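Keep in mind it's a predicted model, so treat the numbers as computed, not measured. Each ligand, and each atom within it, is numbered from 1 in the order the structure gives.
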Amino acid sequence: MSRKYLIAGNWKMNKTATEAADLVQEINSLAGSQTSVQVCICPSFTALSKSSELVEESEVFLGAQDMSPEPSGAFTGEVSAEMLRDLYVTFVILGHSERRQYFNETNEVINRKILAAIQNNLKPIFCIGETLDERESGSTLEVVRTQVREGLAGYPSSAIENLVLAYEPVWAIGTGKTATDEMAQEVHADIRKVLKEMFGDSAGDSVRILYGGSMKPENADGLLSQPDVDGGLIGGASLTSRAFCGIVDAAGRACA
Ligand code: PGA
């Protein structure tokens, strides 16, 4: 089963719409015409509209960083799936550890968001991962398995091709500490096992599982060469075109 590599940039709360436009143009010129690796950028909501216009003619896909589980109505400050679709957004990051940690998102809320995304033809990039305490107490696999099972409860098999997972050990996010290649592969293989239990072997084999947590050009080759690592969700290193496209190049080497 061949899975196309996906390199997604999570810009978090960085870049005004004006600054985003510059970065999008740089990424377009460095990686916007190649098709061997799928590339996605996830700017803040305020930069989506401008970015959407700028990626229209390129192979770069657009993603959002979060989304409301509700379709519309009196939910001040929220952004719906339909609003994202209207801006030609393809992917949406859901369940990021920063949303879980600072905005109290539970597996149940994340599950509702994932189902709402699928109903609107958005592709969730569903994030899971253990904290340092959980890793040190030996419960990594148990924590991640529960996140996967609860986050994907009721997920329709018919939409499996829209699903992307991102394994992001919380202790590796923005810290400069990266999981070793072997640590990443161990968890990715275990996630795939859970997906196969839930959706069957061939569906489980088809889902892309990204690694996230201090991925950069210097460590991307090793991580991306692991059999169950199908790309990266990149934070810090996605904020400069050189580092981000360096990781896209590493994915190109891994699939060559
Ligand atoms: P990082 O962030 O690459 O800065 O560690 C990854 C993420 O949070 O998605």
Side-chain angles (χ1 to χ4, degrees), residues 5-15 19-20 23 27 31 37-45 47-48 51 60-67 89-105 110 113-114 117 123-132 134-135 140 143-144 147-148 151 163-181 183-184 187-188 191 208-224 226 229-251:
Y5 280 92
L6 171 62
I7 301 297
N10 175 9
W11 294 4
K12 308 192 180 183
M13 198 171 73
N14 296 292
K15 306 282 178 194
E19 291 164 347
L23 184 52
I27 292 169
V37 176
Q38 198 169 37
V39 175
C40 167
I41 51 164
C42 305
S44 63
F45 289 131
L48 282 175
S51 303
V60 174
F61 289 82
L62 192 62
Q65 299 175 15
D66 187 29
M67 192 197 86
V89 168
T90 303
F91 292 95
V92 57
I93 298 171
L94 294 173
H96 191 279
S97 65
E98 287 150 18
R99 303 287 324 165
R100 294 177 188 262
Q101 191 181 343
Y102 306 130
F103 303 95
N104 303 317
E105 289 197 11
I110 296 160
K113 293 186 176 191
I114 290 172
K123 299 178 196 296
I125 300 179
F126 167 34
C127 303
I128 63 243
E130 82 286 3
T131 62
L132 187 58
E134 290 162 344
R135 174 152 292 263
T140 295
V143 167
V144 171
Q147 289 173 334
V148 173
L163 181 64
V164 177
L165 268 71
Y167 168 57
E168 300 203 303
V170 178
W171 48 270
I173 294 178
T175 58
K177 290 186 196 143
T178 321
T180 62
D181 303 345
M183 277 160 121
V187 181
H188 282 231
I191 293 168
R208 291 178 292 186
I209 307 173
L210 315 183
Y211 170 80
S214 299
M215 196 190 262
K216 44 187 182 268
E218 296 75 32
N219 59 25
D221 285 291
L223 288 160
L224 294 170
Q226 299 303 307
V229 177
D230 308 310
L233 181 56
I234 323 296
S238 71
L239 295 175
T240 64
S241 56
R242 185 185 288 250
F244 184 62
C245 295
I247 300 172
V248 175
D249 289 344

- Apply side-chain hydrogen bond (donor to acceptor under 3.5 Å, both in side chains) to Glu105 and list each qualifying residue two or more places apart in sequence or on a separate chain.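 Checked Glu105 against side-chain hydrogen bond (donor to acceptor under 3.5 Å, both in side chains); matches are Arg99, Lys113.
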- Pairing residues for Asn14 by the side-chain hydrogen bond (donor to acceptor under 3.5 Å, both in side chains) criterion, not counting sequence neighbours: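 Scan of Asn14 (side-chain hydrogen bond (donor to acceptor under 3.5 Å, both in side chains), adjacent residues dropped) gives none.
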- Message: Among Leu23, Val39, Asp249, exactly one meets side chain to side chain contact (heavy atoms under 4.5 Å, CB included) together with Phe244. Which residue is that?
- Response: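 Testing each of Leu23, Val39, Asp249 against Phe244, the sole residue satisfying side chain to side chain contact (heavy atoms under 4.5 Å, CB included) is Val39.
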- Message: To check you understand the geometry: which heavy-atom pair defines the closest contact between Gly129 and Val144, and what is its length?
- Response: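 In terms of heavy atoms, the two residues are closest at CA-CG2, 4.2 Å.
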- Residues in contact with ligand 1, criterion: heavy atom under 4.0 Å: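 These residues qualify: Asn10, Lys12, His96, Glu168, Ala172, Ile173, Gly174, Gly213, Ser214, Leu233, Ile234, Gly235, Gly236.
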- Item | For Arg135, all residues meeting salt bridge (charged side-chain N to carboxylate O under 4.0 Å, His left out), sequence neighbours excluded |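 Result, salt bridge (charged side-chain N to carboxylate O under 4.0 Å, His left out) vs Arg135: Glu130.
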- Message: Looking at Ile191, is its backbone amide N or carbonyl O close enough to the side chain of Tyr167 to form a donor-acceptor pair, meaning the two atoms are under 3.5 Å apart?
- Response: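 No, Tyr167 side chain to Ile191 backbone: no donor-acceptor pair under 3.5 Å.
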